[in-house]
**Student:** 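What follows is a structure written as structure tokens; I'll ask about it next.
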Amino acid sequence: MKLLPDDFQKFKGVKRVPMLTSYTCPVARSLEEAGIPVILVGDTVGMVEMGFASTKEVTIDHMEYHIGAVRRGAKDTHIIGDLPYETERDRETALGNSWRLSRVGADSVKLEGPKLDVISHLVANGIPVVGHTGLTPQTAENFKRVGSTDEDAERVFKEALAIQEAGAFLLVLEHIPAALGEKITQALTIPTIGIGAGPYCDGQVLVINDAIGIGDYWPPFSKQYAHASRTILQVAREFVTEVESGQFPNNILKFAGTKKS
Ligand code: KIV
């Protein structure tokens, strides 16, 4: 059964939440079948699927397309839709864009950084919000870990508290020291979901392409459970060999059970 925003509270300090990203219908279908309780359609889609150098290129139209596809694959799973760069630049723009994502299937929206007035405006208008602090790729100069100095750790800690105060029901913590992830998780009443934020968060999120090994770069804090890029390469090479030698499609006809030529 689909989780509602309030349901996430029951995990706090009890059971860790596994979250994966998805951008397509068939992947979403598999995640739902596996019992993943929450899918993030993140703006990482721009980098891992669309070939952009940064998530800044992603538009609200792109997100509508991908959220719609994921919803068609995972009808009973909570879907978080990312608000891309600048689509949450002010309260009314953010609200209009959140409605667009809701209409195609998002149950909640995520936005990066301490945009507190935007978060509270969305919540006041019935849009459940997921916060995101630590490394915030839309505006970061590089992808290095943040919160490593006392001063920066204090800034991230205060941002986390303020985002909760503004009304977020879940908070993503990206690429911060494990001790800071633990401190924030203990201080907040809402669940934290870490990505490169250590083992003490209330949940963990992984980008699906990193998890299945698609692409040529994976962040050091990700894990490859498979190497799908290698499989694609191998399949493509075998197909080339078989077509050129005439083996394909002759070698499938007997399996297809057809006498057609
Ligand atoms: O866009 C995304 O996939 C994200 C995760 C990295 C948390 O924001």
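When a ligand or atom number is given, it counts from 1 through the structure's own listing order. The basis for the numbers below is simple: all heavy atoms, side chains too, and nothing from hydrogens, waters or symmetry mates. When a residue number appears, it is its place in the shown sequence, counting from 1.
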**Student:** If you measure from CD1 on Ile119 to CG on Leu111, what distance do you get to the nearest 0.5 Å?
**Tutor:**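 Here the rounded value is 5.0 Å.
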**Student:** Between Ser108 and His78, does any side-chain donor sit less than 3.5 Å from a side-chain acceptor?
**Tutor:**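 Looking only at side-chain atoms, His78 and Ser108 do form a donor-acceptor pair, the distance falling under 3.5 Å.
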**Student:** Show the protein residues that qualify under the rule heavy atom under 4.0 Å from an atom of ligand 1, listing them in chain and number order.
**Tutor:**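 These residues qualify: Thr21, Leu40, Gly42, Asp43, Thr44, Asp82, Lys110, His132, Val172, Glu174, Ile195.
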**Student:** Using the ring-ring contact (aromatic ring centres under 6.0 Å, His included) criterion, which residues pair with Phe239? Sequence neighbours excluded.
**Tutor:**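 Result, ring-ring contact (aromatic ring centres under 6.0 Å, His included) vs Phe239: Phe248.
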**Student:** Evaluate whether atom CG of Asp6 has more than 12 neighbouring non-hydrogen atoms of other residues, nucleotides or ligands under 6.0 angstrom away.
**Tutor:**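 Counting other residues, nucleotides and ligands, CG of Asp6 stays at 12 neighbours or fewer.
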**Student:** So that I know where these two stand, are His175 and Phe221 an aromatic pair - ring centroids less than 6.0 Å apart?
**Tutor:**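 Yes, they do, as the ring centres are separated by less than 6.0 Å.
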**Student:** With Lys2 as reference, evaluate Asp7, Asp107, Asp76 under the side-chain hydrogen bond (donor to acceptor under 3.5 Å, both in side chains) test and give the passing residue.
**Tutor:**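 Passing option: Asp107.
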